[in-house]
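Indexing begins at 1, ligand by ligand and atom by atom, following the structure's order. All residue numbers refer to positions in the sequence shown, counting from 1.
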Amino acid sequence: MYNLHDKLHKVHDRVHAAATLAGRSTKSVQLLAVSKTRPASSVKALYEAGQRIFGENYLQEALEKQSLLSALDIEWHFIGPIQSNKTQDIAQHFSWVHSVDRFKIANRLNDQRPIDLPPLNICLQVNVDNEASKSGLDLHHQDELLNLAIAVSDLPHLCLRGLMAIPMACSDQHKQREAFAKVATAFDCIRSSLNKLGIDVSAFDTLSMGMSGDMEAAIAEGATIVRVGTDIFGPRNDQ
Ligand SMILES: *Cc1c(COP(=O)(O)O)cnc(C)c1O
């Protein structure tokens, strides 16, 4: 457990160093601990070290952990691919969804969000490298992205917060930054287009990008949420 605390603090140090280098405040970057495949006991250990926001990819696994940890005030973020038959549970059990890439899913989440809960925070997932294997809207079709952003803005039980991206893994920092810069540019375009249409963009403030291998580059390009699993919890079995 102490090992987990050490790793968490090392990641905090990296976030702090990257933010400082970019002339940003450390507070402007939130650390989302990605706990997919990790046991509830590890989530609890991180909670005890002060971590409050956790990201999960697999619904069933997430629901099990949430019920074991229901006494803790954790903010849960869903970051995995979404099938239609999962939207009801996601709408009921999460505060954020980072991986929305089509209207059908957004509309279902809106319809199924319990009205006694605040609006569900939404990021639209974009596909930077146009990889067929990855979900997300193609960044080359920004009109589609804008249309989805407009449509989601109109759904009363959702709150459109920004964009999420998972660029191709690569170890070259310049290439990493290039990919993140494209997402940041798309974010600025969407924000100003929405604003011109008279849509309130005060909550459109989130760039969810950067993982264990590229969080420094993401922070340099404006990430406001970095999603980190491996460098906090250690390697996963699937890695
Ligand atoms: C697994 C995952 C992460 C964390 O990746 P690490 O390389 O383990 O830090 C971040 N975002 C998404 C969408 C993921 O699926």
Answer with yes or no whether His98 contacts ligand 1, where contact means a heavy atom under 4.0 Å from a ligand atom. no
What part of Asn57, side chain from CB on, backbone N/CA/C/O, both or neither, has a heavy atom under 4.0 Å from ligand 1? side chain
Leu160 and Leu124, any side-chain heavy atoms less than 4.5 Å apart: yes
Per-atom contacts of ligand 1 with Thr230, taking only distances under 4.0 Å to non-hydrogen atoms: 6 (P), 7 (O), 8 (O), 9 (O)
Could you name the option among Ser212, Pro81, Gly80 that has the heavy atom nearest to atom 9 (O) of ligand 1? Ser212
Atoms in ligand 1 with a heavy atom of Arg227 nearer than 4.0 Å: 4 (C), 9 (O), 10 (C), 11 (N), 12 (C), 13 (C)
Going by an N to O cut-off under 4.0 Å, is there a salt bridge joining Glu221 and Arg177? yes
So for Asp231, does at least one of its heavy atoms come nearer than 4.0 angstrom to any atom of ligand 1? no
Aromatic ring pairing His98/Trp96, orientation class (parallel under 30°, perpendicular over 60°, tilted between): tilted
Between Lys65 and Glu56 (salt bridge meaning N to carboxylate O under 4.0 Å), is one present in this structure? yes
What about Gly229: any of its N or O atoms under 3.5 Å from an N or O on ligand 1? yes
Of Arg113, Lys104, Arg108, which meets side-chain hydrogen bond (donor to acceptor under 3.5 Å, both in side chains) against Thr87? Arg108
Would Leu163 end up clustered with Phe94 when hydrophobic side chains under 4.5 Å apart are linked, directly or stepwise? yes
Numbered in order shown, the ligand 1 atoms found under 4.0 Å of a heavy atom of Ile166 are 13 (C)
One finds that the ligand 1 atoms under 4.0 Å from a non-hydrogen atom of Val228 are 9 (O)
Check each atom of ligand 1 against the heavy atoms of Arg236 and keep those under 4.0 Å away; list them by number with element. 1 (C), 8 (O)
For the residue pair Arg161 and Phe204, would you count it as a cation-pi contact if the rule is NZ or CZ under 6.0 angstrom from the ring centre and within 45 degrees of the ring axis? no
